[in-house]
Amino acid sequence: MELEKVYNPKETESKWYKFWEEKKYFESHVNPAKKPFTMVIPPPNITGILHMGHVLNNTIQDILARYKRMSGYETCWIPGTDHAGIATQNVVEKSLAKEKIFRRDLTREQFLEYVWKWKDQYGGTIIKQLRYLGSSCDWPRERFTLDEGLSDAVKEVFVRLYDKGLIYKGKYIVNWCPRCTTALSDDEVEHRDHEASLWHIKYPLKGTNEHIVVATTRPETMLGDTAVAVNPSDERYKHLIGKTLILPLAEREIPIVADAFVDPAFGTGMVKVTPAHDPNDFHIGKRNNLPQIIAFDVHGKMNENVPEIYRGLDRYECRKKVVEHLTEKDLLVKTDKHKNAVGHCYRCDTVIEPYLSDQWFVKMKPMAEKALEAVTSGKIQFTPERWVKVYQHWMENINDWCISRQLWWGHRLPVYYCNNCRQQAEAQISNLKSNPETAQKEKWIIVSKELPKKCPHCGSTALEQDPDVLDTWFSSWLWPFSTLGWPKENEDLKYYYPTDTLVTAADIIFFWVARMIMAGLEFKGEVPFKKVYFNSIVRDAQGRKMSKSLGNSPDPLDIINEYSADALRFTVAYLSPIGQDVLFAKEKCEIGRNFCNKIWNASRFILLNVDNNMQADIKSLDSSLAPMDKWILSEYNQAIKETTKYLDELNFTGAAHILHEFFWSKFCDWYVEFVKPRLQDEKQKEVVQYVFLYVLTNSLKLMHPIMPFITEELYQQTKGLLPEKSRDESIMISSWPVFNAVPGYESSVKEVEFVMEFIKAIRTVRVDMNVAPQKQVEIVINTADKEKFEIIQKYLPNMTLMCKVGKVSAGSVKPRFSAIIVAGGVEIFILLEGIIDFEKEKARLDKNCQKVIKDIEGLNNKLSDSRFLQHAPEKEVERLKAFKKENEDKLASIKKYIDVLQAE
RNA sequence: GGGCGAUUAGCUCAGUUGGUUAGAGUACUACGUUGACAUCGUAGGGGUCACAGGUUCGAGUCCUGUAUCGCCCACCA
């Protein structure tokens, strides 16, 4: 049988993916005979396209899924997508705008129809692309956060939390995006430092010619000022507390109040207070019973509460005008440069505006305490561990979660208002209560999964659903159990929950991971997963985060086309540092491509050299195994042990390195080269063929989780050759190799290692002496150890092939014109008449000598230190002594022959 | 302003609980192609493990401090 000389990944990959899917190997069913291994995919946004972050994330998940499947687990990897409220609404609005269709001209229903249409067309892009990567997701279980079942879970959770008093409505300062015209949670705001100005403004004291000075970075907000605050202990201003100021431009009267929040050392020590547009001022306002004047509309334009001249102006235009007018009136004292952090919308990057509005919140503290405990106690394990601290810090300082969004795309709040009750209540209380305790008890609010027929209080049917939708993460945080059918209790949920390992990027630790843990504990009474693996963030060669806007993310599909999916997967696993960022450039995929090529060609060589009618099995052959066979079998076993260990530790880099080292350096470079002579011997050939196939097929299994396609192709190609009783239909359902150290191989391993050292030493001398590569040399061995000489004689055919030694003889005198090496405690003379350069040879020996002397010196220092001898473990002392002896023997030999050389 | 992490070969990174002579890939140098593979082979050069202290018989590894870089959190107008 002969393989194609060149591996064709493209054809192979689509062929086997189709095969696996048709055979339903990815699918999982409740199976009490097996332990489950469950993962949920971090659902990509429907607006997304595959980028390197997804590649890394899904490669890791797929490695785990395939490894666990082969290890006998009922493996279920649930895929799906996230509706991504703001992001999707923005994308669809933009795409409609190109056709001159604007959301403001559409009804909610019409707009949503467009979004669903868009979703059907583009929403599955990433999920489709994941197949090219080889992802073994359980596709029939694919879920979408707006699916009926998941929406039901969302409503169920909302109602439960509301009934428990953990959800409340209130009028608070929230982060407002004037472009998206919605509230955002604190986490959705990205802070960046801006070079801003700090304007110092005079506020005249009523009835005097005096004024005070306040400093602000947002002068336009002064139109909503309702006070100026000073620190109550600030001696400079004590006398002013209670006095009245004339707010310039707006020409309103505002009081000077005392509040401990004010830092006397900052600015002038006087703060203008805008309760409706600044979180601090909001609280100062509450404490001092100040009115709240909302000065902007939802788009960030000045509203009817400001003087007419500013109405309708954008907040920044207004800022300019305000500064201008203040200057004209000589009320601007000075303008300082000032650096401060400004919040931006994480979806559209618009500067957010703190804004007073009615929103819904979740009380987080009670849930956070349990969720923190789950991680600190180790019930949930983080890898890398350092994320525990980050998690802990957030959990201990958690704020309530603003969950309402003024959008159309998303889960509508299961909240209904009775207009009748509301009117009655509003007649009684003029302004809305913003105390959560009372607000949620307001009668006109009905929280229910379904639209109630009538108001339970007054019987009115004039009910209206809250127009807002929920934060996208309000559905994502239920993902580990909503995807399994919750709130319906069923067999899947019982069997698969809790899931095992969550693989995700650390940038959503708060958005998603933390909240899933809270939700799991709150609604299932159990952690949602046992382990969390935080994969690296992929950066470009300059260390910049890969992003669409920078255009620095190579398209993974291009990489797959150019290098193959296996190459990409291997490279990503091989490079990915543990918990650090990974710098990526597509050229790095040469690592994976070259390795695939090596695997392919080694297999090709093996298939060229095996007969179809092999009957042997490892037991019947054991007595015929040569030391080299035993060596590679030992190495192979070691590789199983380490690969398994690394995969269990979620150290994918470790696993990839072990496999690379084992297959390439040990199997190809040594074993395959070494046994070539034995292929000429009919009897020996059978043994070699067996070991070839045994190690190859099993190595393929070890490599399959990382490189699924090429390993399947080669596994199939070797089918029928290895005398296994029954060969699995596919490598992906074959079983993971088990470490099985065979005792009694130690002496063979030692023997082979001795010969290897020997061969390497001869190669080095040959290159140093510029011996023509094909020229055979003769060597003379000087050793008192007869056994060693016999070993060397035995391996002459190998040495002929691997370091071109044509003849070996014994002798205790250095022949003339020979180079000398000491390896494995044996003196070797390489006959190089007419070739040897005595100057070079002497230099070489001198260099060797220097190194050995240095080593001995170091060892002497240690071994003559009584404190070392006293404290170090005996084993360590013995080891060093033996090493010293070895070096001394070597030095003696080299020195002796430097003298001999001198004489020649 | 707080917290976390990083600093090892030209580059990208490994380095398990402290214990030989600090590794890999890549790049570089020399040599080599008629039968597995030039996406290859053989050999080689290249590191006072950021710096300064400390603990220890022994530190790349543990502790403290410094520097540089990065990330996260944060209501200083």
Side-chain angles (χ1 to χ4, degrees), chain A residues 3 5-7 173 186 191 198 214-218 221 229 261-263 265-274 278-283 338 340-341 354 384 386-387 389-390 393-394 397 506-507 509-510 537 539 541 543 545 563 567 574-585 587-588 590-591 593-609 645 649 651 653-654 657 660-661 665 668-669 672-673 760 763-768 770-774 802-803 851-852 854-855 858-859 862 865-873 875-876 879-880 882-883 887:
Chain A
L3 285 186
K5 193 158 180 170
V6 183
Y7 169 53
I173 286 274
D186 292 343
H191 291 272
L198 189 61
V214 295
T216 179
T217 52
R218 292 151 66 216
T221 61
F261 167 80
V262 181
D263 176 3
F266 188 90
T268 59
M270 300 192 105
V271 184
K272 59 188 273 312
V273 183
T274 323
D278 185 279
N280 297 319
D281 296 4
F282 175 77
H283 290 113
H338 181 71
N340 70 338
R386 66 190 168 86
W387 289 106
K389 282 188 186 170
V390 178
H393 184 258
W394 192 72
N397 297 286
D507 54 356
I509 182 170
F510 308 133
I537 288 175
R539 295 176 182 279
K545 198 166 168 174
Y563 295 93
Y574 188 86
L575 287 179
S576 168
I578 306 153
Q580 284 298 118
D581 294 348
V582 56
L583 302 185
F584 185 85
E587 291 72 29
K588 292 196 172 181
E590 286 175 14
I591 298 169
R593 183 197 58 189
N594 295 356
F595 189 41
C596 286
N597 187 252
K598 193 71 184 178
I599 297 168
W600 182 261
N601 276 292
S603 306
R604 182 167 176 268
F605 176 74
I606 287 169
L607 287 169
L608 284 169
N609 284 286
K645 188 193 88 177
E649 289 172 356
N651 180 344
T653 303
H657 276 88
H660 189 266
E661 156 87 6
S665 308
C668 293
D669 290 350
V672 173
E673 290 308 315
K760 280 192 268 188
R763 282 171 171 171
T764 304
V765 171
R766 291 183 61 110
V767 172
D768 281 354
N770 293 323
V771 180
Q774 294 309 320
M802 298 180 78
C803 59
K851 192 183 172 305
V852 177
K854 214 181 132 198
D855 287 351
L859 291 164
K862 270 200 153 174
D865 185 340
S866 60
R867 289 174 309 171
F868 172 72
L869 296 172
Q870 201 180 329
H871 288 95
K875 221 173 132 192
E876 180 63 15
R879 201 171 52 80
L880 290 190
F883 186 51
N887 271 299

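Chain identifiers are assigned alphabetically (A, B, ...) following the order of the sequence lines, protein sequences preceding nucleic acid strands; residue numbering begins at 1 within each chain.
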Would you say the side chain of A:Glu661 and the base of B:A14 hold a donor-acceptor pair, judged only by whether the two atoms sit under 3.5 Å apart? no
A:Lys645 side chain, from C-beta outward: closest of B:A77, B:G19, B:U16: B:U16
Examine B:A43: is either OP1 or OP2 under 4.0 Å from a nitrogen or oxygen in the side chain of A:Arg763? Give yes or no. yes
Would you classify A:Lys588 as touching base, sugar-phosphate or nothing, given that sugar-phosphate means primed atoms plus P, OP1 and OP2, and contacts are heavy atoms under 4.0 Å? sugar-phosphate
Over all strands shown, is A:Phe261 touching base, sugar-phosphate only, or nothing at heavy-atom distances under 4.0 angstrom? base
Is any N or O donor-acceptor pair between the side chain of A:Lys389 and the base of B:C4 shorter than 3.5 Å? no
Within the structure shown, what part of the strands sits under 4.0 Å from A:Ile591 by heavy-atom distance: base, sugar-phosphate, or nothing? sugar-phosphate
Within the 4.0 Å heavy-atom criterion, would you say A:His283 contacts the bases, only the backbone, or no part of the nucleic acid? nothing
Please check this pair: side chain of A:His393 against backbone of A:Lys389, looking for a donor-acceptor N/O pair closer than 3.5 Å. no
Pair A:Thr274-A:Arg218, side-chain contact (heavy atoms from CB on, under 4.5 Å): steps then yes or no: CA-CA 11 Å; A:Thr274 323; A:Arg218 292 151 66 216; over 6 Å; no
If you only use heavy atoms from C-beta on, which nucleotide in B:A36, B:A77, B:U39 is closest to the side chain of A:Leu608? B:A36
What is the nucleic acid contact for A:Cys668, judged by heavy atoms within less than 4.0 Å: base, sugar-phosphate only, or nothing? base
Sugar-phosphate, base or nothing in reach of A:Asp278, heavy atoms under 4.0 Å: nothing
Nucleotide N/O of nucleotides 32-34 of chain B paired with protein N/O under 3.5 Å:
none

Hey, is the side chain of A:Lys598 poking within less than 4.0 Å of OP1 or OP2 on B:A38, counting only N and O atoms? no
Under 4.0 Å: is that the gap between some side-chain N or O of A:Asn340 and OP1 or OP2 of B:A77? yes
Is there a side-chain contact between A:Asn594 and the phosphate of B:C40, meaning an N or O under 4.0 Å from OP1 or OP2? yes
If I pick the P atom on B:U55 and the same atom on B:U64, what distance separates them, to the nearest angstrom? 15 Å
N or O in side chain of A:His191 less than 4.0 angstrom from B:C73 OP1/OP2: no
Please measure how far the C1' atom in B:U33 lies from the corresponding atom in B:A38, and state the result in whole Å. 8 Å
